[in-house]
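Computed over heavy atoms, backbone and side chain alike; hydrogens, waters and symmetry mates excluded.
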Amino acid sequence: MEVMEQWKDHLEQLKIQLEPWKNQLEQWLHQAIEYLNQIPPIQLYAAVAVLVLTTLLLLSIRLFKRTKSNTIVLTGLSGSGKTVLFYQLRDGSSHHGTVTSMEPNEGTFVLNSESNKKGKIKPVHLVDVPGHSRLQPKLDEFLPQAAGIVFVVDALEFLPNCRLASEYLYDLLTKATVVKKKIPVLICCNKTDKVTAHTKEFIRKQMEKEIEKLRASRSAVSDADISNDFTLGVPGEAFAFTQCRNKVTIAEASGLTGEVAQVEQFIREHVKP
């Protein structure tokens with residue numbers, strides 16, 4: 001009973017202490033209502049609308065930033081060195097020139113060259129999609145979430161594979177997902193550490209010529225037989241990568257020796273640290 005009495009006394013004292021605050025809040029509320037009553041309805045509605053729109057805009061910006069993709073897709077013909085590049089970017093090792101893979105390699109990590117940097121660095125979700133034609137659906141599965149595509153070309157054995165690589169790239173550049181989202185593409189000329197490897201300029205020119213031939217031959221096919229979503233280039237002009245709706249750049253690299261700086265630069269342009 002004595003404890004109960006003490007609690008009652010404490011509650012009474014607290015009520016007395018809060019009374020001035022209650023009166024003050026009531027006064028502020030009354031003043032606010034009077035102020036709002038003085039504002040013309042149109043101005044009041046406009047102010048509320050601006051407040052709501054601003055809130056929605058801030059929420060959408062935060063949501064956009066939160067959901068911005070960090071996925072980079074590595075693709076290209078089998079044997080071009082995609083898997084070696086994947087391991088170089090991940091842990092700085094070539095894994096002794098890993099054999100051609102038939103399953104996608106996938107991982108989320110901070111690039112090996114940035115592993116010793118201080119501060120918060122955004123990890124990259126890197127997907128190495130094997131170039132075998134049977135695995136084309138796997139590529140289509142990852143493209144919608146791609147922030148960028150690294151298309152790997154074997155610069156050492158380029159000429160025998162030029163047509164096949166160009167066809168693959170043509171199909172990639174005409175996909176609706178790539179065109180509509182304007183996904184940037186880096187043509188990575190791999191194995192350029194070898195003396196007999198072709199330069200990136202030679203590879204660019206040859207692939208542009210091959211794609212021009214493909215464009216001409218495929219435009220002659222009836223619409224019912226065309227499987228591509230979009231066409232490439234400008235009518236009446238020879239094809240060049242600069243005509244693509246999405247940005248296409250070209251770089252040199254060597255997965256075996258770890259010369260991947262240009263690939264890392266491309267990744268960080270599109271997956272901000």
Side-chain angles (χ1 to χ4, degrees), residues 59-132 134-153 168-169 172-173 175-178 180-190 246-249 251-273:
L59 286 172
S60 63
I61 289 171
R62 290 190 66 181
L63 184 64
F64 174 76
K65 285 182 177 178
R66 196 181 302 122
T67 57
K68 192 168 183 181
S69 175
N70 67 333
T71 298
I72 297 292
V73 174
L74 286 174
T75 191
L77 295 181
S78 296
S80 57
K82 299 182 300 300
T83 305
V84 176
L85 272 176
F86 176 90
Y87 287 121
Q88 277 290 1
L89 293 166
R90 191 187 72 175
D91 52 37
S93 167
S94 67
H95 282 230
H96 305 293
T98 309
V99 294
T100 301
S101 58
M102 288 299 290
E103 286 295 327
N105 288 313
E106 186 177 357
T108 302
F109 48 82
V110 172
L111 295 175
N112 180 68
S113 63
E114 299 174 338
S115 58
N116 294 324
K117 288 185 178 181
K118 294 181 180 179
K120 191 176 181 181
I121 299 174
K122 187 174 183 179
V124 176
H125 178 217
L126 194 63
V127 184
D128 159 29
V129 182
H132 198 283
R134 288 184 312 185
L135 298 170
Q136 187 74 18
K138 282 288 182 185
L139 176 64
D140 294 335
E141 180 183 323
F142 288 111
L143 283 179
Q145 48 188 294
I149 301 167
V150 177
F151 186 84
V152 186
V153 176
Y168 192 163
L169 184 58
L172 188 65
L173 292 174
K175 285 185 179 292
T177 305
V178 175
K180 289 180 179 179
K181 292 183 66 179
K182 294 185 177 179
I183 301 174
V185 175
L186 176 72
I187 301 171
C188 174
C189 305
N190 192 26
N246 52 320
K247 187 178 181 181
V248 179
T249 50
E252 295 178 341
S254 172
L256 279 175
T257 62
E259 296 170 27
V260 293
Q262 293 179 38
V263 180
E264 290 176 331
Q265 183 181 349
F266 171 82
I267 291 172
R268 276 306 174 206
E269 281 178 9
H270 304 290
V271 180
K272 299 299 181 185

With a 4.5 Å cut-off on side-chain heavy atoms, are [Y] and [X] touching?
X	Y	answer
Phe151	Val248	no
Leu89	Ile267	yes
Arg90	Leu126	no
Thr177	Asp140	no

Please name the pair of heavy atoms, one in [X] and one in [Y], separated by the smallest distance, quoted to 0.1 Å.
X	Y	result
Gly81	Asn190	CA-ND2, 3.5 Å
Cys188	Leu85	SG-CD1, 3.9 Å
Val73	Phe142	CG2-CB, 4.0 Å
Lys82	Leu77	NZ-O, 3.1 Å
Val110	Glu114	CG1-CB, 3.8 Å
Asn105	Phe86	O-CE1, 3.7 Å

So does Lys181 have more than 12 non-hydrogen atoms from other groups sitting under 6.0 Å from NZ?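 Counting other residues, nucleotides and ligands, NZ of Lys181 exceeds 12 neighbours.
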Please answer whether the main-chain N or O of [Y] pairs with a side-chain N or O of [X] as donor and acceptor at a distance below 3.5 Å.
X	Y	result
Ser254	Glu259	no
Asn246	Val178	no
Gln262	Glu252	yes

[atom1]/[X] to [atom2]/[Y] distance, rounded to the nearest 0.5 angstrom?
X	Y	atom1	atom2	answer
Leu74	Glu106	CG	CD	11.5 Å
Gln265	Thr249	CD	OG1	9.0 Å
Ile149	Leu173	CD1	CG	8.0 Å
Thr75	Leu172	OG1	CG	6.5 Å
Asp91	Phe109	CG	CZ	8.0 Å
Leu111	Glu264	CG	CD	5.5 Å

Working note: Thr83 + Asp128, criterion side chain to side chain donor-acceptor pair (under 3.5 Å); need CA distance, chi angles, decisive distance, verdict. CA-CA 6 Å; Thr83 305; Asp128 159 29; 2.8 Å; yes
